[in-house]
Amino acid sequence: MKNRTKLGTLGLSVVTLGALVAGCGTAPTTNTATNTASNGTSGTQNTTGTVDLSKASGTVVWAASPIAQTGIRNTLIGDFEKAHPNIKIQLVDLPSNTDTNRQSLATEIEGGATTPDVYMGDVIWPAQFGQSQLAVPLNKYLPSSFFTRFASGLVQGASYKGNVYAAPFYVDSGFLYYRKDLLQKAGLQPPQSWEQVVSDAQTLQKKGLVQYGFVWQGASYEGLTCDFMEYLTDAGGQVLNSQGQPTIDSPQALKAVNFMKSLITSGISPRAEVTFQEAQSMNVFDQGNAAFLRNWDYAWSNSQNPADSKVVGKVGVEPLPTFGGPDGHGTIGGWDLYVNPHTKNLNASLEFINWMTGVQAQKILATKYSEIPTNATVQNDPQVKKVNPVLNIVSQVKLVSRPSQTPNYPQVSQAIYTNVNQALSGGTSVSAALKKAQQQIQSAVSGNGGL
Ligand code: GLC
């Protein structure tokens, strides 16, 4: 294990996934409930006594965006309902863009909507949602034993000011996918550095083996912040310093964005890169039109699904590289399960969360859809690792988190992705874009960003 920092929280930190998902869970410090459940997994307690969640009934409206672009949500719902004949789950389909999701859920819940009862929300939301009371503090209702199924870093990532506002559902991390067959044809090894990604891509393109070298997420949205964080951290830079002040107008950020831009101007990445979210980049790769892809863990299962992919059996995956060498940074992402504070069916909602983060559901996520499970037992299961190749290399990834511990994170991220996207599109120079991002982040962290 080299060059790894193990930090306790997800705020402004670089950690390894091992530190996050393999460790022992820690109970939240402000838990007011005690463990009273007979089966050791779930039970709520308030001042009036104990409720056995497995006896809950009713309908739970679950709002969730597509996971790994597949039918996984219905598989999970079917299995949950089989095990809980008295609870029905009604799925509400949310858009896959995390920003659009956040805005519509926040508006609905702020307006007092009683449904959805449970919603899938990004790992970057707990500060904003906790601060604005858009989510139930789960530690007030679930026993501390519930939280020990997760590594402590995941629980802390879902917490804000001492309360746990969400249950970690699955972890995402950035990886580099490559076409094994093309590299072999050209006598090349999987790349060990960003420089090698560039030269291999150019070699494969010149030989006429593939149209594009490398596809990633360059559109003006949260995904671009994720990609940018990886290059920025590889270059030794930060968005905020340890005092929480912006440091994005820096030589390191200049190096990061110049590199990203050069991928487009050199023709390694398509011009349309500046409009690509996850789905578009994955589609170009899965159709056989790119040699390399930066995407999340679930892209593995998509690339191996014959219904969507022309490159089944031809794909390799490795941790993202860095400038001048291997072992680059991967942004930590993922999705949690939150409960609407206006829900009329708290117990059934809690039981749904309990089951979705339990062994059965987490095994399905990990083995069929190459998601990184949040349940530590499943994450460490050798049988699961056998079928999920990203789990085998997860411990090598140096994770970087976005500065999402502030309720104003949406403004911070927007300042990053709009300005970086402008620079990539050629609408402004890289240095002007970074200056503008610096000013906007300054205003967001001083509380002038609005919500
Ligand atoms: C993935 C990640 C999420 C991130 C999003 C950006 O869904 O899990 O954390 O915000 O991508 O597009």
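Counting convention: from 1, in listed order, for ligands and their atoms alike.
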* Where is the nearest protein heavy atom to atom 7 (O) of ligand 1: which residue, which atom, and how far? -> Trp335 NE1, 2.9 Å

* Give a yes/no on ligand 1: does Tyr170 have at least one heavy atom closer than 4.0 angstrom to it? => no

* Asked: Tyr119 pairs by ring pair (Phe, Tyr, Trp, His ring centres under 6.0 Å) with which of Tyr338, Tyr165, Phe169, Trp62?
  -> Tyr338

* Asked: So, Tyr160 and Gln131: side-chain donor and acceptor under 3.5 Å apart, yes or no?
  -> yes

* Asked: Relative to the heavy atoms of Glu222, which atoms of ligand 1 are at a distance of less than 4.0 Å?
  -> 10 (O)

* Which of the numbered atoms in ligand 1 are below 4.0 angstrom from a heavy atom of Gly223? -> 6 (C), 12 (O)

* Test of ring centre spacing under 6.0 Å for Tyr369 and Tyr170 -> no

* Does Asp172, backbone or side chain, put an N or O under 3.5 Å from an N or O of ligand 1? -> yes

* Asked: Out of Trp125, Phe169, Trp296, Tyr417, who gets a non-hydrogen atom closest to atom 1 (C) of ligand 1?
  -> Trp296

* Asked: Would one find more than 12 heavy atoms of other residues, nucleotides or ligands at under 6.0 Å from atom CD of Gln133?
  -> no

* Among all protein heavy atoms, pick the one closest to atom 5 (C) of ligand 1 and tell me residue, atom and distance. => Glu278 OE2, 4.0 Å

* To do: Please answer whether the main-chain N or O of Val164 pairs with a side-chain N or O of Asn139 as donor and acceptor at a distance below 3.5 Å.
  => yes

* **Residue and atom name of the nearest protein heavy atom (relative to atom 4 (C) of ligand 1), distance in Å to one decimal** => Asp122 OD2, 3.4 Å

* Checking Asn419 side chain against Ala415 main chain: does a donor-acceptor pair fall under 3.5 Å? -> yes

* Asked: Any N/O of Gly333 closer than 3.5 Å to an N/O of ligand 1?
  -> no

* Asked: Is it the side chain (CB and beyond), the backbone, both or neither of Arg402 that lies under 4.0 Å from ligand 1, heavy atoms counted?
  -> side chain

* Asked: Counting each atom of ligand 1 from 1 as listed, which ones have a heavy atom of Gly334 under 4.0 Å away?
  -> 2 (C), 3 (C), 8 (O), 9 (O)

* Gln217 touching ligand 1 at heavy-atom level, < 4.0 angstrom -> no

* Asked: For the residue pair Tyr231 and Trp194, is the inter-centroid distance of their aromatic rings smaller than 6.0 Å?
  -> yes

* Structure fact -> Output for pair (Asn97 CG, Glu222 CD), nearest 0.5 Å, gives 9.0 Å

